[in-house]
Chemist: 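Just passing along the structure, written as structure tokens.
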Amino acid sequence: MINNSIDIMRMIVFFDLPTITVKNKRDYVRFRKFLIKDGFDMIQWSVYCRIIAGKDSEESHFKRIKDNLPPEGSVRCLTVTEKQYASIEILVGKPKRQEIKVGGTQLLLF
């Protein structure tokens, strides 16, 4: 039996980049713009997230991130299932509009 369901997951990118020199700042802006252009949304400072559909999508986005890494700093990437992502506890602040669930089986597309 073929499983036609697509695994919906979240890819989260965490980064800490130096912004001391003009080149550092350019690298920071270039990396941030790349993430936004690639469909990531900022969930808090230096933490970006996007929905991905399956392992193939994860691999292609991961390769694109690796191809656009800044030369200095720290960048980490984590992929979790939608169920795991939904278990995030917000300790201070409110969820962003993109994070609010529409319904049990619906996704908010943005």
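Side chains included, hydrogens not; waters and symmetry mates left out as well; all remaining heavy atoms used. It should be emphasised that the depicted structure is a prediction, and the values quoted were computed from it without experimental measurement.
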Chemist: I would like to know whether I12 and V80 meet side-chain contact (heavy atoms from CB on, under 4.5 Å); could you show each step before the answer?
Modeler: CA-CA 8 Å; I12 306 168; V80 296; 4.3 Å; yes
Chemist: For Y85 and I8, run side-chain contact (heavy atoms from CB on, under 4.5 Å): C-alpha distance rounded to whole Å, both residues' side-chain angles, the deciding distance at 0.1 Å, then the answer.
Modeler: CA-CA 11 Å; Y85 185 79; I8 302 296; over 6 Å; no
Chemist: So do I51 and R10 actually touch side chain to side chain, heavy atoms under 4.5 Å?
Modeler: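 Touching, per the 4.5 Å side-chain cut-off.
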Chemist: Would you call L78 and R76 a side-chain contact if the rule is heavy atoms closer than 4.5 Å?
Modeler: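 Answer no - side chains too far apart.
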Chemist: What I'd like to find out is whether the side chain of C49 reaches to under 4.5 Å of the side chain of D41, using heavy atoms alone.
Modeler: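 Answer no - side chains too far apart.
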Chemist: Is the side chain of E59 donor-acceptor paired with the backbone N or O of D56 at a distance under 3.5 Å, no angle test?
Modeler: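 Between the backbone of D56 and the side chain of E59 there is no qualifying donor-acceptor contact (under 3.5 Å).
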Chemist: So which atom in L17 and which in S74 form the shortest heavy-atom distance, rounded to 0.1 Å?
Modeler: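 For L17 and S74, the tightest heavy-atom pair comes out as CD2-N, 4.1 Å.
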Chemist: For G54, does its backbone N or O pair with a side-chain atom of S57 as donor and acceptor, under 3.5 Å?
Modeler: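 Checking the backbone N and O of G54 against the side chain of S57, no donor-acceptor pair under 3.5 Å is found.
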Chemist: Which heavy atom in I20 sits nearest to a heavy atom in K25, and how many Å separate them?
Modeler: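 Minimum heavy-atom separation between I20 and K25: O-CE, 4.4 Å.
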Chemist: Checking side-chain contact (heavy atoms from CB on, under 4.5 Å) for the pair R26/V22: CA distance, chi angles, key distance, verdict?
Modeler: CA-CA 6 Å; R26 283 190 191 129; V22 172; 3.6 Å; yes
Chemist: Dump the intermediate steps for side-chain contact (heavy atoms from CB on, under 4.5 Å) on F31 and V13, then the final yes or no.
Modeler: CA-CA 11 Å; F31 185 66; V13 176; 4.3 Å; yes
Chemist: Determine whether M11 and I65 make a side-chain contact, defined as any pair of heavy atoms from C-beta on separated by less than 4.5 Å.
Modeler: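 SC-SC contact between M11 and I65 confirmed.
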Chemist: How close do P18 and G73 get, counting heavy atoms only, and between which atoms?
Modeler: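 Looks like CD-CA, 3.7 Å.
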Chemist: Take Y48 and F15 through the test ring pair (Phe, Tyr, Trp, His ring centres under 6.0 Å) and record every step on the way to the result.
Modeler: CA-CA 9 Å; Y48 286 70; F15 60 88; 5.7 Å; yes
Chemist: Does the side chain of F62 come within less than 4.5 Å of D67's, by heavy atoms?
Modeler: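 No. Closest side-chain heavy atoms not under 4.5 Å.
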Chemist: What's the shortest heavy-atom distance between Q44 and M42, and which atoms?
Modeler: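 For Q44 and M42, the tightest heavy-atom pair comes out as O-CG, 3.2 Å.
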Chemist: Can you tell me if R50 uses its side chain to pair, donor with acceptor, with the backbone of D38 under 3.5 Å?
Modeler: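 Checked: pair present.
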